[in-house]
Amino acid sequence: MSVALLMGSDSDFPRLEECVATLKEFGVDVTARVLSAHRTPDDVVQFVEKDGPESGVKVFLCAAGGAAHLAGVVAAHTSLPVVGIPMDNPPLGGLDSLLSTAQMPGGVPVATVGTGRGGPVNAALLAVRILALGDEGLAERLKEFRSGQTEKVHAKDAALQAKLG
Ligand code: RP5
């Protein structure tokens with residue numbers, strides 16, 4: 001079982017490194033590819049319909065900016081879950097990407113995360129949650145991650161209280 005992280009351009013990758021790191025932290029295999037809905041449409045279909053599933057891909061994460069149609073095109077060619085990651089590119093800052101990724105027609109779902117730093121991490125965590133439905137070990141690691149996150153916030157709150165006296 002693995003996750004495919006598709007991006008419209010290599011210029012997206014620096015903002016997706018945390019997504020890859022999060023998947024790796026959970027021990028989830030990830031295949032990252034530059035595949036563009038507009039510039040390499042045939043390659044997208046080849047990967048989504050054939051190469052990806054044959055190599056064990058169960059969830060597609062699709063990052064694109066501007067006229068961000070990658071996630072929608074992927075969703076049109078698969079029944080596997082698709083998570084869209086809108087990139088916060090200039091000149092419009094990501095609202096363009098967010099709307100073009102999220103506003104899918106009924107019947108072709110794309111679960112869209114937010115723009116900005118949290119989006120790529122949340123996309124990875126959604127993929128982990130989906131895979132954890134059929135993997136007890138992964139479900140356990142997810143539980144530990146959530147407890148660790150809670151503890152970190154408690155520690156930050158305690159530090160703030162100590163600082164304020
Ligand atoms: C989108 O166009 C890509 O996902 C990227 O966010 C944006 C710009 O791509 P480049 O011109 O940097 O290749 O398709």
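The model shown is predicted, which means the values in this text are computed figures rather than measured ones.
- In terms of heavy atoms, Ala71 sits closest to Gly84 at CB-CA, 3.9 Å.
- Between Leu61 and Cys19, some side-chain heavy-atom pair lies under the 4.5 Å cut-off.
- Val153 shares a hydrophobic cluster with no other residue; no ILVMFWY side chain has heavy atoms under 4.5 Å from its own.
- Phe60 places none of its side-chain heavy atoms less than 4.5 Å from the side chain of Val83.
- At a cut-off of 3.5 Å, with distance as the only test, no side-chain donor of Gln46 or Asp42 sits close to an acceptor on the other residue.
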Pairs under 3.5 angstrom only: tabulate donor-acceptor contacts from the side chains of residues 112-133 to other protein residues two or more places apart or in another chain.
| residue | atom | partner | partner atom | Å |
| --- | --- | --- | --- | --- |
| Thr112 | OG1 | Val110 | O | 3.4 |
| Arg117 | NE | Glu18 | OE1 | 2.8 |
| Arg117 | NH2 | Glu18 | OE2 | 3.3 |

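- Placement of Leu5 and Val48 in two distinct hydrophobic clusters is found when ILVMFWY residues are connected by side-chain heavy-atom separations under 4.5 Å, directly or transitively.
- For the residue pair Gly66 and Ser97, the shortest heavy atom distance occurs at N-OG, 3.0 Å.
- Placement of Leu98 and Met87 in two distinct hydrophobic clusters is found when ILVMFWY residues are connected by side-chain heavy-atom separations under 4.5 Å, directly or transitively.
- Ser36 places none of its side-chain heavy atoms less than 4.5 Å from the side chain of Val44.
- Atom OG of residue Ser147 and atom NE2 of residue His154 lie 10.5 Å apart, to the nearest 0.5 angstrom.
- Scanning all heavy atoms of the two residues, the minimum distance from Ala32 to Met7 falls at CB-CE, 4.1 Å.
- Val73 has its side chain within reach of His77: a pair of non-hydrogen atoms, C-beta onward, lies under 4.5 Å apart.
- The minimum heavy-atom distance linking Ser9 with Val34 is given by the pair CA-CG1, 3.9 Å.
- Between the side chain of Thr78 and the backbone N or O of Ala75 there is no donor-acceptor pair closer than 3.5 Å.
- No path of Ile, Leu, Val, Met, Phe, Trp and Tyr side chains, each step under 4.5 Å between heavy atoms, connects Met1 with Val57, placing them in separate hydrophobic clusters.
- Rounded to the nearest 0.5 angstrom, Asp51 CG and Thr31 OG1 are separated by 10.5 Å.
- When the side chains of ILVMFWY residues are joined at heavy-atom separations under 4.5 Å, either directly or via intervening members, Val20 and Leu138 end up in a single hydrophobic cluster.
- The minimum heavy-atom distance linking Lys58 with Pro81 is given by the pair O-CD, 3.3 Å.
- By the 4.0 Å N-to-carboxylate-O rule, Asp88 lies close enough to Arg15 to be salt-bridged with it.
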Step by step, work out the salt bridge (Lys or Arg N to Asp or Glu O under 4.0 Å) result for Asp29 and Lys24. CA-CA 7 Å; Asp29 289 336; Lys24 287 190 171 166; over 6 Å; no
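- Between the CG atom in Leu70 and the OG atom in Ser100 there is a gap of 10.5 Å [rounded to 0.5 Å].
- Shortest non-hydrogen contact noted between Ala4 and Phe47 is CB-CE2, 3.7 Å.
- When the shell of 6.0 Å around CD of Glu136 is examined, it contains 12 or fewer heavy atoms from other residues, nucleotides or ligands.
- Taken from CG in Asp10 to CG in Leu16, the straight-line distance is 11.0 Å, to the nearest 0.5 Å.
- In the hydrophobic clustering of this structure, Val74 groups with Val108; members are Ile, Leu, Val, Met, Phe, Trp, Tyr whose side-chain heavy atoms approach within less than 4.5 Å, directly or through other members.
- In this structure, the separation between CD on Glu144 and CZ on Phe26 is 9.0 Å, given to the nearest 0.5 Å.
- In this structure, Cys62 SG and Arg33 CZ are separated by 12.5 Å, a value rounded to the nearest 0.5 Å.
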